[in-house]
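Encoded as structure tokens, the structure appears first; notes follow it.
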Amino acid sequence: MFFLAMMWRFVFLLVFSAMSLLVFVGFGDQIYLSDDLLTADKVLIADSLYEEEDADEIAPRMFQVWPGNNGLRSSDWFTVCIRANPGDVIVLAPRLYRFDLWVFTPRLTITSQGATDGCAEIWGTVQIEADGVILDRIAITGPRKAGSSGHGVEIDREVVDRVLIRGCRIEKNEWTGIHLIGPRGRIDELRVHDCRLIENGMDGMDATCVDKLIISSCTIANNGWNFEHGAGVRIGSYVKHVAMQDNRISGNRFADVYRRQR
């Protein structure tokens, strides 16, 4: 009986792990972006860009754009708008892009073209405003561009339950590499794998409102050059589960890993 119980427990764990991974798998179309992005400074990705006010009139859809004092922005405020459905994969050529990017399509993957030709580099902020988004093999770097927040990746905790960031370089941003925003809400799971969070001005990443934080195979070093209390990883006192494995964390100004106590 003990053996059978252990076998059932093992099978359950396998099924549970597989189901949790499915959240981060996209089954939609691949969208290769054109060179129009080279001249853009504000890029929007959403599953719909317009809304019908009545049978004869279509109005631009409104989007909540952080920081909060910016308020609502219509789709025509952005210099480039890209329509993508949940599960689609946005593919960027490996070159430098000077724009801020807002992502409103859930379960979207953003990745670099090719496996060995380097990665696309975004000089600006990537703002995630949808659940289940994957950033894959993207570089988000400073210095700060006019109008940017100065953070590398911003995740809106009001609307995001899960997010996966893997194989990314998040370096030399004026503020925090991975930053959580929003006045309320909690993220169920933040998973960061095989990333380099190096020489960001404040923290490499903060996790002040996450239930489950998973950091694996990452290099998090030399963050905090612009603020004396900058840390490699900042963990809030209400984070319930933390799993950190095979990371190289060193040389961060205030602390490599700082966990606030209640």
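Residues Y238 and I214 do not share a hydrophobic cluster, defined by chaining ILVMFWY side chains whose heavy atoms lie under 4.5 Å apart. Both V239 and V160 belong to a single network of hydrophobic side chains, linked directly or stepwise wherever heavy atoms of I, L, V, M, F, W or Y lie under 4.5 Å apart. F99 and V80 fall within a single hydrophobic cluster, where Ile, Leu, Val, Met, Phe, Trp and Tyr side chains are chained together by heavy-atom contacts under 4.5 Å. In terms of hydrophobic clustering, with Ile, Leu, Val, Met, Phe, Trp and Tyr side chains grouped at heavy-atom distances under 4.5 Å, F254 and M244 are assigned to different clusters. In terms of hydrophobic clustering, with Ile, Leu, Val, Met, Phe, Trp and Tyr side chains grouped at heavy-atom distances under 4.5 Å, I31 and V126 are assigned to a common cluster.
Residue pairs meeting the ring-ring contact (aromatic ring centres under 6.0 Å, His included) criterion with at least one member in residues 201-226: none, sequence neighbours excluded. For residues 245-259, no residue pair satisfies the salt bridge (Lys or Arg N to Asp or Glu O under 4.0 Å) rule, not counting sequence neighbours. Sorted by first then second residue, the salt bridge (Lys or Arg N to Asp or Glu O under 4.0 Å) pairs that include residues 227-238, not counting sequence neighbours, are D203-R234.
Proximity of F63 to L72: side-chain heavy atoms (C-beta onward) are nowhere separated by under 4.5 Å. Side-chain contact check for R196 versus E171: some heavy-atom pair is nearer than 4.5 Å. R73 has its side chain out of reach of Q64: every pair of non-hydrogen atoms, C-beta onward, lies at least 4.5 Å apart. Put simply, the side chain of W175 does not reach to within 4.5 Å of the side chain of S149, judged on heavy atoms. At a threshold of 4.5 Å between non-hydrogen side-chain atoms, the residues D131 and V133 do not count as touching. Residues I155 and I181 are not in side-chain contact: their nearest non-hydrogen atoms beyond the backbone lie 4.5 Å or more apart. T125 is not listed as a side-chain neighbour of L101, based on a closest heavy-atom distance of 4.5 Å or more. Residues C168 and R137 have side chains not in contact (no heavy-atom distance under 4.5 Å, counting atoms from C-beta outward).
The minimum heavy-atom distance between A40 and V43, with the atom names listed, is CB-CG2, 3.8 Å. The minimum heavy-atom distance between A231 and N252, with the atom names listed, is C-CB, 4.1 Å. I45 and A84 make their closest contact through CG2-CB, 3.9 Å (heavy atoms, listed as atom of the first residue, atom of the second, distance). Across all their heavy atoms, I187 and L190 have their closest contact at CG2-N, 4.2 Å. When every heavy atom of T176 is checked against every heavy atom of M205, the shortest pair comes out as CG2-CA, 3.9 Å. Of all non-hydrogen atoms in G167 and C195, the two that sit nearest each other are N-SG, 3.7 Å.
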- Can you list the steps and then say if I178 with V192 is a side-chain contact (heavy atoms from CB on, under 4.5 Å)? CA-CA 10 Å; I178 300 173; V192 184; 4.0 Å; yes

- Task: Could you go through the salt bridge (charged side-chain N to carboxylate O under 4.0 Å, His left out) check for R166 and D136 one step at a time?
- Result: CA-CA 5 Å; R166 66 186 178 203; D136 173 63; 3.0 Å; yes

- Task: For the pair I235 and V242, evaluate side-chain contact (heavy atoms from CB on, under 4.5 Å) and give the outcome as yes or no after the intermediate values.
- Result: CA-CA 9 Å; I235 303 173; V242 179; 4.2 Å; yes

- Message: Determine whether F78 and W102 satisfy the following criterion, side-chain contact (heavy atoms from CB on, under 4.5 Å), listing intermediate values before the conclusion.
- Response: CA-CA 9 Å; F78 303 89; W102 286 265; 3.5 Å; yes

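Shown here are the side-chain contact (heavy atoms from CB on, under 4.5 Å) partners of A120, two or more places apart in sequence or in another chain: L92, Y97, S112, I138. Every residue meeting the side chain to side chain donor-acceptor pair (under 3.5 Å) condition with D47, not counting sequence neighbours, appears here in chain and number order: R61. Under the salt bridge (charged side-chain N to carboxylate O under 4.0 Å, His left out) criterion, E121 pairs with no residue at all, not counting sequence neighbours. Scored by the side chain to side chain donor-acceptor pair (under 3.5 Å) test, S216 finds H193 as partners (sequence neighbours excluded). By the salt bridge (charged side-chain N to carboxylate O under 4.0 Å, His left out) test, D206 pairs with no residue at all, sequence neighbours left out. In this structure, the side chain to side chain donor-acceptor pair (under 3.5 Å) partners of N200, at least two apart in sequence or on a different chain, are N173, N223. The side chain to side chain donor-acceptor pair (under 3.5 Å) test applied to R186 returns D211, not counting sequence neighbours. Remark: D76 pairs with no residue by the salt bridge (charged side-chain N to carboxylate O under 4.0 Å, His left out) rule, at least two apart or across chains. Here R157 pairs with nothing under the salt bridge (charged side-chain N to carboxylate O under 4.0 Å, His left out) rule; sequence neighbours left out.
Judged by the 6.0 Å distance and 45° axis criteria, K42 is positioned over the aromatic ring of W77.
Expressed to the nearest 0.5 Å, how far CD of E174 lies from CZ of F227 amounts to 6.5 Å. To the nearest 0.5 Å, atom CD of residue Q127 and atom CZ of residue F104 are 7.5 Å apart. For the atom pair L38 CG and R95 CZ, the distance stands at 5.5 Å (nearest 0.5 Å). For the atom pair R162 CZ and E189 CD, the distance stands at 4.5 Å (nearest 0.5 Å). Atom CG in L44 sits 4.5 Å away from atom SG in C81 (nearest 0.5 Å). Annotation: the span from S74 atom OG to E51 atom CD amounts to 10.0 Å, rounded to 0.5 Å.
Using a 30° and 60° split on the angle between ring planes, H151 and H179 fall in the parallel class, below 30°.
The only option from L164, L108, I128, T111 that meets the side-chain contact (heavy atoms from CB on, under 4.5 Å) definition with I134 turns out to be L164. With respect to I170, the side-chain contact (heavy atoms from CB on, under 4.5 Å) criterion is satisfied by exactly one of T141, I220, I198, I165: I165.
Under a 3.5 Å cut-off, the side chain of T79 and the backbone N or O of D41 do form a donor-acceptor pair.
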